[in-house]
Amino acid sequence: MGSRSSHAALIPDVDHIRRETGFSQASLLRLYHRFQALDREEKGFLSRLDLQQIGALAVNPLGDRIIDSFFPNGSQRVDFAGFARVLAHFRPVDEDDATIRDPKQPEPLNSRMNKLRFAFQLYDLDRDGKISRNEMLQVLRLMVGVQVTDEQLESITDRTVQEADEDGDGAVSFMEFTKSLEKMNIEQKMSIRILK
Amino acid sequence: MEGADLALKLLSTWLTLVVGLIVLPSAFGLSLGISELYMKILVKTLEWATLRIEKGAPKESVLKNSASVGIIQRDESPMEKGLSGLRGRDFELSDAFYFSKKGLEAIVEDEVTQRFSSEELVSWNLLTRTNINFQYISPKLTLVWVLGVLIRYCFLLPLRVTLAFIGISLLIIGTTLVGQLPDSSIKNCLSELVHLTCCRVCVRSLSGTIHYHNKQYRPQKGGICVANHTSPIDVLILTTDGCYAMVGQVHGGLMGIIQRAMVKACPHVWFERSEMKDRHLVTKRLREHVADKKKLPILIFPEGTCINNTSVMMFKKGSFEIGGTIYPVAIKYNPQFGDAFWNSSKYGMVSYLLRIMTSWAIVCDVWYMPPMTREEGEDAVQFANRVKSAIAVQGGLTELPWDGGLKRAKVKDTFKEEQQKNYSKMIVGNGSPNLELD
């Protein structure tokens with residue numbers, strides 16, 4: 001009958017995931033139910049197809065890149081831990097995080113740096129740590145579809161790369177990326193608050 | 001042998017009681033008031049249970065609002081507002097933030113996927129299957145629940161199965177017999193009688209309580225009746241109050257037998273699977289049916305699939321291209337007594353029917369609405385949306401532009417192109433007059 005239980009104990013590895021992502025028990029449970037709802041065939045993992053079937057995601061100009069971020073290193077399936085890990089980047093930043101944090105622990109996934117890293121890899125197609133002019137062009141093409149001519153797109157790309165590129169290598173590194181966005185309120189723009 | 005004799009006697013008394021108290025009154029459209037009494041007791045019990053649960057766990061009252069509010073805090077500002085950043089309105093590296101946030105929001109919660117699972121209840125209705133958030137409260141409640149299980153499985157279930165059996169057999173036999181008669185007004189009268197009786201018996205077999213509103217707008221002959229779709233039971237609910245010509249695919253097995261019998265008595269429109277693909281053929285046949293003003297109104301569900309009764313999804317334009325008068329009907333089930341939604345990817349037909357028959361009851365409201373016709377200069381899609389809005393408003397359902405077929409297929413590229421167009425306008429068109437600079 002597929003009855004859903006309110007017990008977090010059903011989530012495999014729940015403590016490890018909680019430590020890694022920083023989600024509360026209740027949020028994690030909600031996300032787990034969502035994971036199960038998306039996993040229509042009850043495989044225990046999600047494939048690209050499962051995510052592509054979300055209407056609102058499929059019409060998103062960056063939809064394909066977002067889906068790719070769930071499948072790093074060429075994998076074709078994402079389990080709940082991986083799912084929660086990506087979503088953890090969008091956890092709102094609480095004041096507690098800053099004070100309690102043990103400096104020896106790895107940075108929480110929803111820190112400013114990690115949020116920026118997530119956005120960076122949306123552009124960095126081959127994950128080499130640099131956004132080349134070509135990659136920028138390709139991602140821009142994804143976002144505008146057929147609505148913009150090649151010349152217009154190239155001029156936009158050139159302008160953007162020039163503005164961000166400081167060491168003149170024709171590509172935007174992660175440091176240059178963060179520098180160009182230092183005034184932006186990343187925490188607010190890349191946060192999704194789960195209500196319960 | 002005595003054992004067999006006794007069993008036989010019990011069975012025949014049981015059957016006579018059932019026939020006498022339920023089947024015969026149905027034939028005459030009367031009611032002995034037994035189901036009303038049952039519903040009254042049921043409502044009182046559920047109210048008592050709700051009070052007990054509330055008393056037992058005051059923290060849980062937060063859940064009262066859970067059914068209506070989404071699980072994430074949404075900022076519904078349009079693309080323009082969400083994208084304006086540090087400088088003017090050209091492409092920024094930060095544009096990715098907006099889209100990734102929207103994308104992740106959709107992954108956590110989207111409007112469509114949640115419509116294909118049963119509605120969450122605000123307070124428990126003493127059925128195991130809806131017990132998601134509610135824990136053990138008190139021994140009294142558990143006792144009532146156990147009693148409920150016994151009543152539902154040991155008394156109601158056999159009763160309902162018997163009734164369903166009688167109803168379906170009567171339908172097949174009755175329509176076959178009526179089908180032997182030559183075409184005449186007597187045949188139509190009899191076929192109506194047979195259909196109505198059997199439908200009433202079948203509805204009793206589900207303990208259905210239906211309230212019909214605005215009966216003056218009941219669909220007339222030569223019209224098309226259009227309704228929102230939650231389960232195959234919708235058909236039963238509508239045909240209990242009037243005769244319709246059904247449209248659908250020919251099935252095999254029991255359904256096929258019922259279909260073939262029904263079409264003998266009155267002209268339903270059944271298509272072979274291959275014919276369904278040919279849209280022109282389908283439209284042509286339906287048009288012929290509608291043009292004959294003596295034929296019964298056609299019953300169509302333009303959503304094309306079962307939705308969970310909290311919203312109405314895109315109405316496919318095919319039914320609205322036929323012409324003729326459209327009679328919209330809104331159907332809203334009360335989930336407190338039993339969940340009527342058929343999740344076809346999760347449950348087969350038989351397990352679905354078993355679940356329905358072991359629920360408390362099926363309670364629903366049916367609103368007939370004033371007829372609508374296509375206006376000048378309106379195309380089929382706009383007309384479909386107009387009818388969809390009217391039904392959504394009447395039934396108190398949310399309106400969604402998405403296609404119900406999304407649960408099986410991918411979304412059309414045209415929607416994505418629209419988003420891309422909007423975005424392109426922003427970064428290439430040189431800024432808009434009302435710019436908001438942070």
Side-chain angles (χ1 to χ4, degrees), chain A residues 1-6 30-31 34 37-38 40 51-63 65-67 69 83 86-87 89-90 115 118-119 122-123 131 139-140 143-148 152 156-157 159-160 164 172 177 180-181 183-186 189-196, chain B residues 62 66 69-73 82 85-86 90-114 116-117 128-129 131-135 345-347 351 355 402-403 406-411 415-421 423-425 427-428 438:
Chain A
M1 293 265 190
S3 59
R4 306 186 319 180
S5 164
S6 50
R30 273 284 166 187
L31 290 176
R34 176 63 173 170
L38 290 173
R40 288 159 214 250
L51 291 175
Q52 279 163 352
Q53 291 201 307
I54 303 174
L57 185 61
V59 304
N60 188 313
L62 276 180
R65 293 301 304 147
I66 296 173
I67 293 178
S69 65
F83 183 73
V86 174
L87 289 176
H89 285 96
F90 284 77
K115 286 188 201 275
F118 182 82
L122 288 178
Y123 290 107
I131 307 175
V139 176
L140 266 172
M143 289 165 88
V144 301
V146 301
Q147 307 295 331
V148 175
Q152 284 172 319
I156 295 175
T157 314
R159 180 185 61 80
T160 317
V172 182
F177 184 74
S180 76
L181 292 170
K183 292 204 198 66
M184 177 140 291
N185 186 354
I186 311 282
K189 283 198 182 282
M190 281 184 70
S191 289
I192 299 175
R193 181 169 297 281
I194 300 182
L195 289 175
K196 52 181 164 47
Chain B
V62 159
S66 67
V69 173
I71 64 171
I72 50 180
Q73 196 168 31
L86 286 174
D90 290 318
F91 169 70
E92 303 285 338
L93 285 170
S94 55
D95 287 351
F97 295 159
Y98 173 78
F99 288 120
S100 59
K101 177 170 169 172
K102 285 281 160 224
L104 267 296
E105 276 178 354
I107 290 181
V108 176
E109 177 186 52
D110 76 303
E111 289 182 311
V112 174
T113 320
Q114 54 174 279
F116 293 115
S117 60
T128 332
R129 61 195 71 139
N131 190 2
I132 308 173
N133 297 317
F134 306 101
Q135 292 99 21
S345 38
K346 237 174 153 184
Y347 305 110
S351 48
R355 276 169 64 96
W402 299 99
D403 183 351
L406 267 186
K407 72 176 174 181
R408 286 190 202 95
K410 281 169 74 161
V411 72
F415 289 108
K416 186 165 188 175
E417 277 166 23
E418 225 181 280
Q419 291 270 317
Q420 286 170 330
K421 228 189 256 181
Y423 181 60
S424 312
K425 260 193 240 152
I427 62 173
V428 174
D438 283 12

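Every value quoted in this text rests on a predicted model; they were computed, and no experiment measured them. Letters A, B, ... mirror the listed sequences (proteins, then strands); counts begin at 1. Hydrogens, waters and symmetry mates are skipped; everything else that's a heavy atom, side chains included, is used.
Each of T160(A), N185(A), V172(A), V139(A) has some count of heavy-atom pairs under 4.5 Å with chain B, and the biggest count is that of T160(A).
Both the backbone and the side chain of L57(A) come within contact range of chain B, each with at least one heavy atom under 4.5 Å from a heavy atom of that chain. In this structure, chain B has a heavy atom under 4.5 Å from the side chain of L140(A), while its backbone stays farther away. Residue S191(A) touches chain B through its backbone alone, counting heavy-atom pairs closer than 4.5 Å.
The minimum heavy-atom distance linking Q52(A) with I67(A) is given by the pair CG-CD1, 3.6 Å.
Side-chain contact check for L38(A) versus I54(A): some heavy-atom pair is nearer than 4.5 Å.
Here the side chain of K101(B) pairs no donor or acceptor atom with the backbone of M190(A) at under 3.5 angstrom. In this structure, the side chain of R34(A) engages the main chain of I107(B) through a donor-acceptor pair within 3.5 Å.
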